[in-house]
Q: 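Pasting a structure below so you can have a look.
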Amino acid sequence: MARHLGVESRAFSLRQNDAATEMAKLPSGALALSSPRVMADVNSCEILVAVLETQPERILVEQTGATAAAEILQDPMRLMPLMTAEGGLIAVNHVKIEIADYTLGDELFIYQIGQMLNRGARAEALLQAREATLARVETLLPLPARPRTLVLSAGPDGTLRQELRASPISRDLLDRLGLENAARPSANGGTEDGAARAAINGAELAALAPEMIVLTGEPVAARRALDAALSAVPAAAAVPAVATGRIAELPGWNGYDIIAYPALLERWASTLRRMAPVPPHLP
């Protein structure tokens with residue numbers, strides 16, 4: 001958020017899981033801290049060491065209003081006791097701590113951060129651009145149909161992975177565009193409640209029979225992983241998305257960069273609108 005306002009962070013922590021961090025455009029030259037969960041439960045000294053190393057004037061803490069168990073574990077507000085301890089390192093160094101309230105919604109959150117960082121005019125410009133982009137998205141909706149769509153990527157080891165319904169891609173892109181996520185938890189037992197991704201093989205892909213497939217992440221690696229899964233199960237060639245060639249390559253989404261989100265949503269909407277099967281007209 002700060003980067004879009006022309007302010008470079010000296011250090012940062014992402015509240016998302018590793019799947020989100022994988023796709024995040026991280027600030028160059030900034031100190032990358034562990035997630036709030038790790039700093040709260042595993043290494044409580046990390047944020048204090050970061051203060052010594054970076055000498056910040058202020059620390060912005062996001063208030064998320066988390067309710068789900070996985071989100072509560074990653075809630076940045078869990079770090080407040082570490083930072084506000086009387087006589088603690090942060091207090092001694094007179095570092096200003098401010099809370100940015102994300103529960104207000106994206107627009108007010110952007111405005112609030114702009115005011116905190118003395119970038120009010122820039123925040124206003126970003127909000128106007130956001131409104132214009134989302135208005136263009138509305139002209140692309142609804143899509144011609146509600147095809148069952150499977151979003152795939154390749155893991156670091158080349159394993160084909162599916163985006164589950166708990167993932168930001170499913171929640172913020174597929175749901176927003178009115179598409180049904182064709183993903184199901186993998187039968188290998190490798191997933192857990194709230195997981196964003198799971199491995200998927202050719203047999204599972206054939207059983208899901210998606211009407212459209214979106215490849216995210218590194219496109220060459222994702223295509224290679226998909227081809228390997230399909231070649232291992234000849235029946236997978238009959239999957240509607242494969243048989244009709246309805247396979248698109250699109251950037252992923254991690255739920256992190258709310259400024260970049262409208263443009264990404266527009267790109268997904270435009271691409272999938274062109275690719276979506278047109279439902280037959282009833283007599």
Side-chain angles (χ1 to χ4, degrees), residues 1-51 53-54 56-85 88-91 93 95-120 122-124 126-127 130 166-169 171-172 194 196 252-262 264:
M1 179 68 217
R3 174 171 51 89
H4 291 286
L5 293 170
V7 176
E8 290 298 329
S9 302
R10 294 183 183 178
F12 64 91
S13 169
L14 299 183
R15 61 180 165 81
Q16 288 90 344
N17 55 24
D18 58 348
T21 306
E22 224 173 83
M23 292 185 289
K25 294 183 178 178
L26 305 179
S28 60
L31 179 62
L33 304 177
S34 300
S35 70
R37 182 192 66 79
V38 172
M39 287 193 285
D41 298 335
V42 181
N43 186 5
S44 60
C45 293
E46 184 176 1
I47 192 167
L48 305 179
V49 172
V51 169
E53 289 188 14
T54 62
E57 297 176 0
R58 62 154 60 90
I59 297 174
L60 295 185
V61 183
E62 180 186 11
Q63 180 170 304
T64 65
T67 55
E71 294 174 345
I72 291 173
L73 286 175
Q74 294 287 17
D75 189 351
M77 293 297 290
R78 296 184 65 206
L79 300 174
M80 289 297 288
L82 295 175
M83 297 188 293
T84 58
L89 182 62
I90 292 177
N93 281 270
V95 181
K96 185 177 183 180
I97 300 174
E98 295 183 276
I99 296 175
D101 190 355
Y102 189 63
T103 65
L104 297 173
D106 288 353
E107 287 78 11
L108 286 177
F109 182 72
I110 293 169
Y111 176 81
Q112 184 183 48
I113 294 288
Q115 295 300 311
M116 287 180 174
L117 298 179
N118 297 316
R119 296 291 191 278
R122 177 59 180 157
E124 289 284 357
L126 290 173
L127 286 168
R130 174 189 176 87
S167 78
I169 283 181
R171 180 187 66 241
D172 299 331
W253 166 245
N254 50 38
Y256 168 64
D257 191 345
I258 60 174
I259 297 296
Y261 171 70
L264 180 63

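Residues take their numbers from the sequence shown, with the count starting at 1. Only heavy atoms go into these numbers, but all of them, side chains included; no hydrogens, no water, no symmetry mates.
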Q: Can you name the closest pair of heavy atoms from V51 and P56 and give their distance?
A: O-CD, 3.6 Å

Q: Just do the side chain to side chain contact (heavy atoms under 4.5 Å, CB included) check on I259 and R3 with the steps written out, would you?
A: CA-CA 10 Å; I259 297 296; R3 174 171 51 89; over 6 Å; no

Q: Can you name the nearest heavy-atom pair linking L126 to H4, along with the distance?
A: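 Taking L126 first and H4 second, the nearest heavy atoms are CD1-O, 3.8 Å.
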
Q: Quick check on side chain to side chain contact (heavy atoms under 4.5 Å, CB included): which of L82, L31, L33 does E46 satisfy it with?
A: L33

Q: Got a donor-acceptor contact below 3.5 angstrom from the Q74 side chain to the R37 backbone?
A: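 Flag set: sc Q74 to bb R37 pair under 3.5 Å.
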
Q: Looking at CD1 of I110 and OH of Y102, how far apart are the two atoms once the value is rounded to the nearest 0.5 Å?
A: 8.5 Å

Q: Taking it one step at a time, do V61 and M83 satisfy side chain to side chain contact (heavy atoms under 4.5 Å, CB included)?
A: CA-CA 10 Å; V61 183; M83 297 188 293; 3.4 Å; yes

Q: Taking all atoms of both residues into account, what is the closest heavy-atom pair of L264 and G252, and its distance?
A: CD2-O, 3.4 Å

Q: Any donor and acceptor pair, going by atom type alone, linking the side chain of Q112 with main-chain N or O of D101 inside 3.5 Å?
A: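 Confirmed, Q112 side chain pairs with D101 backbone.
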
Q: Does a side-chain heavy-atom distance below 4.5 Å link L117 with R58?
A: yes

Q: For R78 versus I72, what's the shortest heavy-atom pair and its separation?
A: CD-O, 3.2 Å

Q: How long is the straight-line distance from CD of E62 back to CG of D75, given to the nearest 0.5 Å?
A: 8.5 Å

Q: For the atom pair CD1 (I59) and CD (E57), what is the distance rounded to the nearest 0.5 Å?
A: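 One finds 12.0 Å between CD1 of I59 and CD of E57.
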
Q: Check step by step if side chain to side chain contact (heavy atoms under 4.5 Å, CB included) holds for D106 and R130.
A: CA-CA 10 Å; D106 288 353; R130 174 189 176 87; 2.9 Å; yes

Q: In Å and rounded to the nearest 0.5 Å, what is the CD to CG distance from Q115 to L108?
A: 11.0 Å

Q: Determine whether a donor-acceptor pair (N or O, by modelled atom type, separation under 3.5 Å) exists between the side chain of R171 and the backbone of G255.
A: no

Q: Taking C-beta and beyond as the side chain, do T64 and M77 meet within less than 4.5 Å on heavy atoms?
A: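 No, every pair of side-chain atoms sits at 4.5 Å or beyond.
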
Q: Can you see which heavy atom on I258 is nearest to which on P262, and at what distance?
A: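 Scanning both residues completely, I find the closest heavy atoms to be O-CD, 3.5 Å.
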
Q: Looking at L79 and P36, what are the two nearest heavy atoms and their distance?
A: CD2-O, 3.9 Å

Q: Fit a plane to each ring of W253 and Y261, take the angle between them on a 0 to 90° scale, and name the class: parallel (under 30°), tilted (30 to 60°) or perpendicular (over 60°).
A: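 Answer is tilted, since the angle falls between 30° and 60°.
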
